[in-house]
Number of protein chains: 2
Amino acid sequence: MPIKVRKNRSEAPPPPCALTECMAIIEGAWAPNVIWQLRGGPRRFSELRMDIPPISAKVLSQRLRELEQRGVISRHVLATTPPTVEYRLTPLGSELLPALNAIVEVGHKLKLAGFHAVQRS
Amino acid sequence: MPIKVRKNRSEAPPPPCALTECMAIIEGAWAPNVIWQLRGGPRRFSELRMDIPPISAKVLSQRLRELEQRGVISRHVLATTPPTVEYRLTPLGSELLPALNAIVEVGHKLKLAGFHAVQRS
DNA sequence: CAGAATCCGTTACGATACTG
DNA sequence: CAGTATCGTAACGGATTCTG
């Protein structure tokens with residue numbers, strides 16, 4: 001009979017995979033680093049700048065605001081002179097740590113395998 | 001005594017974390033999707049185009065070449081008419097799956113938590 | 001079918017300078 | 001200290017057209 005049978009190929013993994021939700025936060029050169037640096041507890045603006053070597057104040061500020069807006073981190077101004085600002089992960093932000101952890105794990109394996117990041121095209 | 005004692009803050013997680021190695025591959029709007037779609041077995045160019053809804057041929061082609069160059073996927077031309085090209089994960093590419101898996105997991109949790117991706121600034 | 005070529009918009013990021 | 005403002009670059013991505 002002329003029924004068009006499914007070919008023997010692997011099927012497309014069913015529906016819209018939930019990659020984007022998390023990637024939207026993780027994406028970019030610095031956002032994951034910021035989250036990662038906050039995993040050990042609160043840190044200040046200038047601390048983050050030194051933790052994440054060559055990040056400019058502008059970009060760090062942008063990412064911090066963005067992450068705060070998304071509810072991933074929270075911002076706390078301490079009444080000192082000069083003013084001090086601490087950032088820390090929110091509970092929602094902490095949910096991202098397993099994913100980052102897995103990414104770091106893979107990174108280690110890649111390094112051991114002699115992998116070196118290549119320029120993109 | 002005037003010794004500058006370490007303050008009571010959390011320390012910077014020691015050395016250069018291995019985030020970048022993996023992120024370099026994962027990064028971009030489509031690369032993770034491509035890898036993810038290949039997790040079930042080999043797939044063809046046009047299949048990937050349909051799996052990953054609104055990706056343009058140009059970008060898909062770019063990402064595929066890039067991923068191949070990095071040893072994440074392999075390209076196989078089948079001698080059919082019209083020609084058929086299959087892509088599949090290399091062993092190295094499969095190493096990325098745990099990380100992507102973790103990302104998808106988090107994505108699900110975020111969706112359940114009512115999280116919606118927000119525009120970036 | 002599987003792409004390459006071209007044009008063009010958006011934006012992440014860097015450098016520098018300035019402020020409360 | 002913790003940013004903001006401004007300028008400039010490069011890479012990512014979309015749309016369309018063309019080819020072996």
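Lettering follows sequence order; numbering is per chain, from 1.
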Among all residues two or more places apart in sequence or in another chain, which pass the side chain to side chain donor-acceptor pair (under 3.5 Å) test with [X]?
X: Thr84(B); result: Thr80(B)
X: Thr81(A); result: none
X: Arg49(A); result: none

Check the distance between [N]'s [atom2] and [X]'s [atom1] and give it to me in whole angstrom.
X: Ile26(A); N: dA12(C); atom1: CD1; atom2: P; result: 15 Å
X: Leu67(B); N: dG3(C); atom1: CG; atom2: P; result: 13 Å
X: Leu60(B); N: dG14(D); atom1: CG; atom2: C1'; result: 14 Å
X: Glu66(A); N: dA12(C); atom1: CD; atom2: C1'; result: 10 Å

Side-chain donor-acceptor distances from residues 89-100 of chain A under 3.5 Å, at least two apart:
from, atom 1, to, atom 2, distance (Å)
Thr90(A), OG1, Gly71(A), O, 2.5
Thr90(A), OG1, Val72(A), O, 3.0
Thr90(A), OG1, Leu92(A), N, 3.4
Thr90(A), OG1, Gly93(A), N, 3.0
Ser94(A), OG, Thr90(A), O, 3.2
Glu95(A), OE1, Lys109(B), NZ, 3.0

Partner set under side-chain contact (heavy atoms from CB on, under 4.5 Å) for Glu68(A), not counting sequence neighbours: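 In terms of side-chain contact (heavy atoms from CB on, under 4.5 Å), with neighbours along the sequence ignored, Glu68(A) is linked to Ile73(A), Arg75(A).
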side-chain contact (heavy atoms from CB on, under 4.5 Å) partners of Ser56(A), counting only residues at least two apart: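 Partners of Ser56(A) under the side-chain contact (heavy atoms from CB on, under 4.5 Å) test: Lys58(A), Val59(A).
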Under-4.0 Å side-chain N/O to phosphate OP1/OP2 contact, Trp30(A) with dG14(C):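 The answer is yes; a side-chain N or O of Trp30(A) sits under 4.0 Å from OP1 or OP2.
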Base-contact (B) and sugar-phosphate-only (S) positions in nucleotides 1-6 of chain D, heavy-atom cut-off under 4.0 Å, - elsewhere: SSSS-B
Heavy-atom side-chain proximity of Ile26(B) to Val106(A) below 4.5 angstrom: no
Degree of bending in the helix from dC1(C)-dG20(D) to dG20(C)-dC1(D) once both end axes are built from five pairs, to 10°: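 Terminal axis comparison yields 50°.
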With Arg65(A) via salt bridge (charged side-chain N to carboxylate O under 4.0 Å, His left out) - residues at least two apart: none
